Amino acid sequence: MTTIYLGEIGQHDQKTTIDKLHEQIRARDAERVAATEAGIPALIRLVKVAERDTGQSETIRRFLLGLYNGNRFPFNLNKFCNLDKDIFDDCVMVLTFDARARVREIHTCILKGDELFSRWAKECSK
């Protein structure tokens, strides 16, 4: 009888573990969807800022290049302190997207991303 009882506990524990695993998978999927839905529009807004000629534009270019290749383009996080709130919030959304939902390189998520990032890389190297 003890064996049957332990077996039932084992089955219950196994079901609970599987349920928890499914719950974690659903939560991760929801997180990816939310990060993508917020991150792509934020990325598009940041690209528009990056294409301007302001101090914030340079910061955004360097931030996006850092996501693209952090070893080649290190980004100083203190630069975030000088950004307008809306632009900073977009950076956080893009960072979340890149960390939690991205399935490809950040530059491929925007139209003509290869060209933009190549140009920005040359400008940052000067």
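Computed from a prediction, not measured in an experiment: that's the story for all the values here.
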#### Entry: Any Leu64 side-chain heavy atom under 4.5 Å of Leu43 side chain
yes

### Query
Would you say the side chain of Val94 lies within less than 4.5 Å of the side chain of Ile106, judging by non-hydrogen atoms?
yes

### Query
Closest heavy-atom contact between Asn76 and Asn78?
OD1-N, 2.9 Å

### Query
Do the non-hydrogen side-chain atoms of Arg61 and Glu123 ever get within less than 4.5 Å of each other?
yes

### Message
Can you give me the closest heavy-atom contact between Asn71 and Pro74, atom names plus distance?
### Response
O-CD, 3.9 Å

### Summary
When every non-hydrogen atom of Leu111 is compared with those of Leu116, the smallest separation belongs to O-CD1, 4.2 Å

### Task
Would you mind listing every ring-ring contact (aromatic ring centres under 6.0 Å, His included) that reaches into residues 25-64, with sequence neighbours excluded?
Phe63-Phe75, Phe63-Phe80

### Query
Got Arg26 and Glu23 here, is their nearest side-chain heavy-atom distance under 4.5 Å?
yes

### Summary
Here the gap from Cys124 atom SG to Phe117 atom CZ, rounded to the nearest 0.5 Å, amounts to 10.5 Å

### Task
State, yes or no, whether a side-chain contact exists between His107 and Asp114 at a heavy-atom distance under 4.5 Å.
yes

### Query
Should Gln24 and Leu21 count as side-chain neighbours, where that means a heavy-atom distance under 4.5 Å?
yes

### Message
Whether the Trp120 and Glu115 side chains hold a donor-acceptor pair (N or O, under 3.5 Å, no angle test) is what I'd like checked.
### Response
no

### Query
Between atom CZ of Arg100 and atom CG of Leu95, what is the distance when rounded to the nearest 0.5 Å?
9.0 Å

## Note on the structure
Hits for side-chain contact (heavy atoms from CB on, under 4.5 Å) against Ile40, two or more places apart or cross-chain, chain-then-number order -> Thr36, Ile44, Phe97, Cys109

### Query
Around atom CZ of Arg28, are there more than 12 heavy atoms of other residues, nucleotides or ligands at under 6.0 Å?
no

### Message
Using a strict threshold of under 4.0 Å (side-chain N to carboxylate O), is an ion pair present between Glu51 and Lys48?
### Response
no

### Query
When you check the gap from the basic side-chain N to the acidic O, do Asp29 and Arg32 get nearer than 4.0 Å?
yes

### Query
Are Met93 and Ile60 linked, directly or through other ILVMFWY residues, by side chains that come within less than 4.5 angstrom of each other?
no

### Query
Can you tell if the side chain of Arg45 reaches within under 4.5 Å of the side chain of Val49, non-hydrogen atoms only?
no

#### Entry: Reported CD1-to-NZ distance for the pair Ile25 and Lys20, which is rounded to 0.5 angstrom
14.5 Å

### Task
Taking the side chain as every heavy atom from C-beta outward, state whether Thr59 and Arg62 have any pair of such atoms under 4.5 Å apart.
no

### Message
For Gln56 versus Asn82, what's the shortest heavy-atom pair and its separation?
### Response
OE1-O, 3.7 Å

### Message
Using only atom types and a distance under 3.5 Å, with no angle test, would you say the side chain of Asp84 pairs donor to acceptor with the backbone of Ile87?
### Response
no

### Message
To check you understand the geometry: which heavy-atom pair defines the closest contact between Ala101 and Ala35, and what is its length?
### Response
CB-CB, 3.9 Å

### Task
For side-chain contact (heavy atoms from CB on, under 4.5 Å), just list the numbers for Phe88 and Val92, CA-CA rounded to whole Å, side-chain angles, deciding distance to a tenth of an Å, and then say yes or no.
CA-CA 6 Å; Phe88 172 79; Val92 172; 3.7 Å; yes

